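Below, chains carry the letters A, B, ... as their sequence lines are ordered, and counting in each starts from 1. Any value given below was found using the heavy atoms of this structure, including those in side chains, with hydrogens, waters and symmetry copies removed. All figures in this text were calculated on a predicted structure; none of them were measured in a lab.
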Number of protein chains: 2
Amino acid sequence: MSGSRVERPLARGRGIPEATVARLPLYHRSLVALRERGVTTVSSEELAAAAGVNSAKLRKDLSHLGSYGTRGVGYDVDYLVYQVARELGLTQDWPVVIVGVGNLGHALANYDGFTSRGFRVAALVDNDEALAGELVNGLPVHPLAELEQLIAEHHVSIAVVAAPAQVAQDLCDRLVAAGITSVLNFAPVPLQVPEGVDVRKVDLASELQILAFHEQRKQMSSLTPRTEAAG
Amino acid sequence: MSGSRVERPLARGRGIPEATVARLPLYHRSLVALRERGVTTVSSEELAAAAGVNSAKLRKDLSHLGSYGTRGVGYDVDYLVYQVARELGLTQDWPVVIVGVGNLGHALANYDGFTSRGFRVAALVDNDEALAGELVNGLPVHPLAELEQLIAEHHVSIAVVAAPAQVAQDLCDRLVAAGITSVLNFAPVPLQVPEGVDVRKVDLASELQILAFHEQRKQMSSLTPRTEAAG
DNA sequence: ACGACTTTGTGCGTTCGTTCACAAGGGCTT
DNA sequence: AAGCCCTTGTGAACGAACGCACAAAGTCGT
């Protein structure tokens, strides 16, 4: 292991495929888990197995970040953790505002996975005045009227929408107007946003429906096992 | 609108692309919303706008289910809602078991989106004996020991894993052994399952990390706006 | 110092998904 | 009944992603 490594200017090619980006968090988590087990070096085969992906795909994904492996040896875990974290932007602090403190918002505010990975819940906001001032995980719930001020004060650019579907689009417009440029949407509606704003949606019901689709297929094929038969 | 329609034997071609399946819940929801607004007929263009997708993609997706539109007119909303629901398996009852009744499990047990779409929380299970018997959304929390019995009794084939990462794989093995064939996994670990079992994962932290990645890119490009310049 | 061995990084063929653009087909008006 | 207009359904071009298989490149043993 040579001591000094070249520090690349983040994403050499300027364009990392979206599919790769979506897997980087997975690699990061797998690497951290390996490090905690005391592993210092890992091959693409091992890491791929830990992450549950094809090893060639893993190597190609990592190659988009740079040549961080050593042929014949593998990857240095510490070093790779850092590089992936840096590429993902986990080395900086990301204040996040959660809008909607119902059941889901509550759960999100308490979720360790957010706080433990560079994200910090900067503020909780809810439309329900009755909730105002209540503490959730040590943080007070703010009335909706303070939304813009909180975003500006805490320099928030990422918002989590955990509000009902009916108000989600209006809320989103307000968030964008207040300077939010990334939205994680839990409301089951497709949010319209202007160019330059990113939206990712987490749709719990959809996921179950997709499972139900395949489940139905399994049941069908087990009831008619001779569909392909033929003479 | 002709009165009698041909009832296809579900998925004419036998194989619907996975990408299409993943969008069917979205179309279903958009259609239901249109129906509630009193819309009886919708064009691919309109429905695509409501769902936030390209209209050609929508038409191709729907064509995989069958020819349910009328050229020059569009799609009958009621009829299409039914066809999509049938294809997704929403016309049948899907009992679901939720394993892990922490913050997230609590929120899921209370989530309307599940129950309102053919899914029924048949049982709640948690490892923590202190929770046993407690009512969540009117349902008692069962001790982990009763897991297999509950799955058998209620004919459950879909499980939701909302347990900590450390126990997720063991839990999953147990679920599969008990007859579960579809798993919705909220634990941040890639679950290993045998052939024939489907797993979908919802990874809250990953979604934020993906947003952070793009957010970082935005910041970088706004700081160095002349990257592409050249002489 | 050298060769055998290991593992990375990647060129290439294949598969999957998206989008364009238009022919086919149904309804509506005259 | 005939033609116009509208929208579907799809062929075909394009592009993104995957995975094989191998050359390049480094390590380790002798």
Side-chain angles (χ1 to χ4, degrees), chain A residues 1-6 8 11-24 26-27 31 34 39-77 79-80 83-84 87 210, chain B residues 1-6 8 11-24 26-27 31 34 39-77 79-80 83-84 87 210:
Chain A
M1 280 327 110
S2 59
S4 70
R5 304 254 198 173
V6 181
R8 289 182 180 280
R12 58 175 186 181
R14 181 51 83 167
I16 298 185
E18 193 54 36
T20 295
V21 173
R23 281 187 295 267
L24 288 181
L26 175 62
Y27 301 153
L31 284 165
L34 286 171
V39 178
T40 59
T41 299
V42 70
S43 71
S44 64
E45 205 72 48
E46 294 162 339
L47 181 52
V53 301
N54 179 298
S55 71
K57 180 153 64 180
L58 170 73
R59 286 199 297 279
K60 190 158 286 187
D61 282 344
L62 292 182
S63 77
H64 285 113
L65 313 189
S67 259
Y68 294 142
T70 307
R71 293 171 194 239
V73 177
Y75 301 88
D76 180 78
V77 174
Y79 185 63
L80 195 53
Q83 290 301 340
V84 174
E87 195 67 45
I210 294 165
Chain B
M1 285 321 115
S2 59
S4 71
R5 304 253 198 178
V6 181
R8 287 183 181 278
R12 56 173 187 182
R14 182 51 83 166
I16 299 184
E18 192 55 35
T20 295
V21 173
R23 282 186 293 268
L24 289 182
L26 176 62
Y27 301 153
L31 284 165
L34 286 170
V39 178
T40 60
T41 299
V42 69
S43 71
S44 66
E45 204 72 48
E46 293 163 339
L47 181 53
V53 300
N54 179 300
S55 70
K57 181 154 62 180
L58 170 72
R59 285 199 298 278
K60 187 155 285 189
D61 283 343
L62 293 183
S63 78
H64 284 114
L65 312 189
S67 261
Y68 294 142
T70 306
R71 292 168 193 243
V73 176
Y75 301 88
D76 180 78
V77 174
Y79 186 63
L80 194 54
Q83 290 301 340
V84 174
E87 195 68 45
I210 295 165

**Report entry** Short side-chain N/O contact from B:Ser44 to OP1 or OP2 of D:dT8, under 4.0 Å
**Finding:** yes

Query raised in the report: From C:dG26, C:dT8, C:dG9, pick the nucleotide closest to the side chain of B:Thr70?
Result: C:dG26

Requested in this report: Classify the nucleic acid contact of A:Ala56 as base, sugar-phosphate or nothing, counting any heavy atom under 4.0 Å across all strands shown.
Outcome: base

Query - Whole-Å distance separating the CZ atom of A:Arg23 from the C1' atom of D:dC18 - result: 9 Å

Query raised in the report: Side chains of A:Glu46 and A:Tyr75: closer than 4.5 Å at any heavy-atom pair?
Result: no

Query raised in the report: Reckon B:Tyr75 has a side-chain N or O less than 4.0 Å from the OP1 or OP2 of D:dG9?
Result: yes

Requested in this report: May I ask you to evaluate whether A:Asn54 reaches the phosphate of D:dC20, defined as a side-chain N or O under 4.0 Å from OP1 or OP2?
Outcome: yes

Query - Closest listed nucleotide, where the reference is the side chain of A:Glu18 and the choices are D:dG19, D:dA17, C:dT7 - result: D:dA17

**Report entry** Minimum side-chain heavy-atom gap B:Leu47-B:Leu80 below 4.5 Å
**Finding:** yes

Requested in this report: Let me know, please, whether B:Lys60 or B:Val42 comes out on the 5' side of the other along DNA chain D by nearest nucleotide.
Outcome: B:Val42

**Report entry** Proximity to the side chain of A:Ser67 - top-ranked nucleotide from C:dC20, D:dC18, C:dG9
**Finding:** C:dG9

Query raised in the report: For the side chain of A:Arg71 and the base of C:dT8, is some donor closer than 3.5 Å to an acceptor across the two?
Result: yes

Report summary line: Heavy atoms of B:Gln83 and B:Tyr68 approach each other most closely as OE1-OH, 3.2 Å

Requested in this report: For B:Tyr68 and D:dT7, give me the distance from atom OH to atom P, rounded to whole Å.
Outcome: 22 Å

Requested in this report: State which of D:dG9, D:dT8, D:dA17 makes the closest approach to the side chain of B:Ser43.
Outcome: D:dT8

